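Below: one structure, written as structure tokens.
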Amino acid sequence: MAGFDKVVNSYEEAMAGLESGMTVIAGGFGLCGIPENLIAQIKQMQVKDLTIVSNNCGVDGFGLGILLEDQQIRKMVSSYVGENALFEKQLLDGELEVELTPQGTLAEKMRAGGAGIPAFYTATGFGTPVAEGKEVREFNGRSYILEESITGDFAIVKGWKADRYGNVIYRHTAQNFNPMAATAGKITVVEVEEIVEPGELDPTQIHTPGIYVDRLIVGSFEKRIEQRTVRKA
Amino acid sequence: MAGFDKVVNSYEEAMAGLESGMTVIAGGFGLCGIPENLIAQIKQMQVKDLTIVSNNCGVDGFGLGILLEDQQIRKMVSSYVGENALFEKQLLDGELEVELTPQGTLAEKMRAGGAGIPAFYTATGFGTPVAEGKEVREFNGRSYILEESITGDFAIVKGWKADRYGNVIYRHTAQNFNPMAATAGKITVVEVEEIVEPGELDPTQIHTPGIYVDRLIVGSFEKRIEQRTVRKA
Amino acid sequence: MALSREQIAMRVARELQDGYYVNLGIGIPTLVANYVPEGMEVMLQSENGLLGMGAFPTEAEIDADLINAGKQTVTTTKGASIFSSAESFAMIRGGHVDLTVLGAFEVDVQGNIASWMIPGKLIKGMGGAMDLVAGADNIIVTMTHASKHGESKLLDRCTLPLTGAGCIKKVLTDLAWLEIEDGAFILRERAPGVSVDEIVSKTAGKLIVPDHVPEMEF
Amino acid sequence: MALSREQIAMRVARELQDGYYVNLGIGIPTLVANYVPEGMEVMLQSENGLLGMGAFPTEAEIDADLINAGKQTVTTTKGASIFSSAESFAMIRGGHVDLTVLGAFEVDVQGNIASWMIPGKLIKGMGGAMDLVAGADNIIVTMTHASKHGESKLLDRCTLPLTGAGCIKKVLTDLAWLEIEDGAFILRERAPGVSVDEIVSKTAGKLIVPDHVPEMEF
């Protein structure tokens, strides 16, 4: 790797340095736009006691759900979980901790983490269990709570195309949490469907500038669908 | 105007409702990406006592500078001003007030204003005159100051292309403050070089989604260059 | 008679205005999209990052990378835009969505809403609901007026943990259309054939009944 | 002899590393781009929203919509990205820029920097400087060691209003390369032919002089 070439050639290399006890921020919403292969690599590495920050925790046997199988996750920071039985069991058994965070607050916490903003105020969650232990302050007659930002030791991101310099674009709603996750990792790893040469992507149409990206790898993806809804043609 | 068609046909209509004493947030950096014609319309309307939030205040005879000619501006919120003599004179004469705001804080204040975040913490300005009167708080051993968000009665924005629904894309670095300004106006007016039909712009490549845009107009632009620097071919 | 799910959606649809950006929650709110009045355009926002959500795809159109907040495969409408979750909630939190429709377990006379957590049952999370109720000025809650056991869901004070405090002004139940003002429900309309007395008996929170309470027509 | 502007730029350029994202301030810092070592790649960030700033354009290439933070017409390099000011300062504030080089009026032994405001003179504003010094871990300040009147600009405590507090660790003047540690300047290198005594005499703030202070070579 020289200059700005972020491409690595193996998933081992992509996740090198990940250790037990670390915090990993993951892009994706449901099973859409999740870094499937990076998650599989984490499973392979058998690191434990992870804190995972992700809107959801996958399903039984797919996505982040596979990290539950060997109890690699100690804590989830998510807005919506429990789409899988193993999650539920570990939660009830006290093996897994969950910090439920409103979806918009979660997105903003990741963005703030990447943007050097340690905390912000939001009306979201005021007067609810989410506000417990948090400062409340009024601005212009309305009450807001203080929310702190999130950063991770690693961020794992799923893009569509990227150039070798790590400039990434996302496809459709597979964008979701990925751009914020990409900004918030000490080491940000992006896996994509296609890597192109620098200069092939329009500079004004980059979703994640390469400055946020440390490692880039091309993979192939199952892209499992959670709710297959169709209409007649 | 029906449904989501935001197009208006005259600059009078574009700025209708602007009154003396209002706050206007303007996109642009230097003379790049400034809403030239919307500014000219404000001059024509002769509204006074405006608070203008913009990174700069144009130059003598161009951009926001023309609003100084008839003393229409009472207060500027900017990171860098004084590129023109009239500005300097009115400032020294006490006819004009300036609230100097660090450039990144200014951008973030606009974004926060549009995003329903009333305030955020930043290390920028801690220990400087900018911090005067502002709360200081430590997070993880570092000191930050509290900055409040900005919203305006109007936002004036310069885009490149937009579809009739107000989905806007910007050209090169004429993007700058425009996307944040667009989110922070009670009424957001966008002028562009070209209006296309809905569906012509790629949904994943919209810089400013139409939900932020109230009025859209097509204009022609001088695009004056502030520092013309060239190299030999 | 109590309103059907479809009638609830139809009644909500009457609150739509041309050019509205609307976020529809999972369940009955989703049905509202089927009753947009002729000649009117609304654009659906899905909080996972889509403005201009279209119909479900045909088999041929299905794309795993294009889903809505309910994780269902969808399509986009002409003039749609797609963006990050941070941008999506900037829209929501910043009050740019014109109308939000969502379900609830309970609402009360202070405009509080409880919709995400029943103590003792597994808590799956609030998703985007807390952001939606805190961000929108214009929210319609759709719910049944009372539980299967006859217990009112319109209370003086919510008993369940809140989703948002003081943010609800309009409630549509299977029995009535109500507004919340100054610490009371105001009965604005009743379902066809449902008496004011029935609504009064099933409303635990303070209820103001105007002289004339029109029946909804469908 | 005191370093020339070009020599200052050359010395700063030795701090570059392959793959660095760098923000260069107006003036001498801009010249650093001319001395990127052979075989090394750096990418220039301009805080108005450009990563991958290229050379000035030819007459034919000039584009009013493509400028840098100094409002000069520029070009982009291969692999550039262009974004909003909010995104640009997210990068800066979030510490993603590897090196920032900027000028100053004064620095002091606490790492404070004053660079934007001289009381009594017209104040034009701080632009992005406060964000840059607060956001970067790795900052090099370039300045003359003393004023035209011989007054040191390396102080125990800045006399001018600050741009940032406690954020500077490296200073390159026309006379010396210094680091700031534990409340003192440490003299690391001196300009060719400049004596330690001269530097000591022109440094008002606490200065630590190691046994050996090598001369810079050009």
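In the text below, chain A, chain B and the rest are named by the order of the sequence lines, each starting its count at 1. Given the structure is predicted, the values throughout are model-derived calculations rather than measurements. Just so it is clear, the values below take in all heavy atoms, side chains as well, and ignore hydrogens, waters and symmetry mates.
- When each of B:Arg171, B:Glu108, B:Arg111, B:Lys232 is checked for heavy-atom pairs under 4.5 Å with chain D, B:Arg171 comes out on top.
- For the set D:Asn112, D:Leu50, D:Val74, D:Ile62, the entry with the most heavy-atom pairs within less than 4.5 Å of chain B is D:Ile62.
- Ranking B:Gly127, B:Pro102, B:Gly30, B:Ala174 against chain D, the residue ahead of the rest is B:Pro102, based on heavy-atom pairs under 4.5 Å.
- With chain B as partner, the option from D:Ala80, D:Ala86, D:Gly70 having the largest number of non-hydrogen pairs under 4.5 angstrom is D:Ala86.
- Between chain B and the residues D:Ile92, D:Ile82, D:Thr76, the most heavy-atom pairs under 4.5 angstrom are made by D:Ile82.
- Of the listed residues (D:Thr58, D:Val133, D:Leu122), the one with the most heavy-atom contacts under 4.5 Å to chain B is D:Thr58.
- Checked by atom type, the side-chain pair D:Glu47/B:Gln103 shows no donor-acceptor distance below 3.5 Å.
- Contacts between B:Lys223 and chain D at a heavy-atom distance below 4.5 Å involve backbone atoms as well as side-chain atoms.
- By the 4.5 Å heavy-atom criterion applied to side chains, B:Ile73 and B:Cys57 are counted as neighbours.
- Listed options B:Pro179, B:Pro129, B:Ser143, B:Gly27 were ranked by heavy-atom pairs under 4.5 angstrom with chain D; first place goes to B:Pro129.
- Taking the six-membered ring where tryptophan is involved, the planes of B:Tyr144 and B:Phe139 are perpendicular, since the angle between them exceeds 60° and thus also 30°.
- Side-chain contact between B:Ile150 and B:Leu106 is present, with at least one heavy-atom pair separated by less than 4.5 Å.
- Between chain B and the residues D:Arg93, D:Glu87, D:Glu59, D:Glu61, the largest count of heavy-atom pairs under 4.5 Å involves D:Arg93.
- The pair B:Glu36-B:Lys158 fails the salt-bridge criterion, with no side-chain N (NZ, NE, NH1 or NH2) lying under 4.0 Å from an Asp/Glu carboxylate O.
- In the model, B:Ser79 has a side-chain atom that pairs as donor or acceptor with a side-chain atom of B:Asn55 under 3.5 Å.
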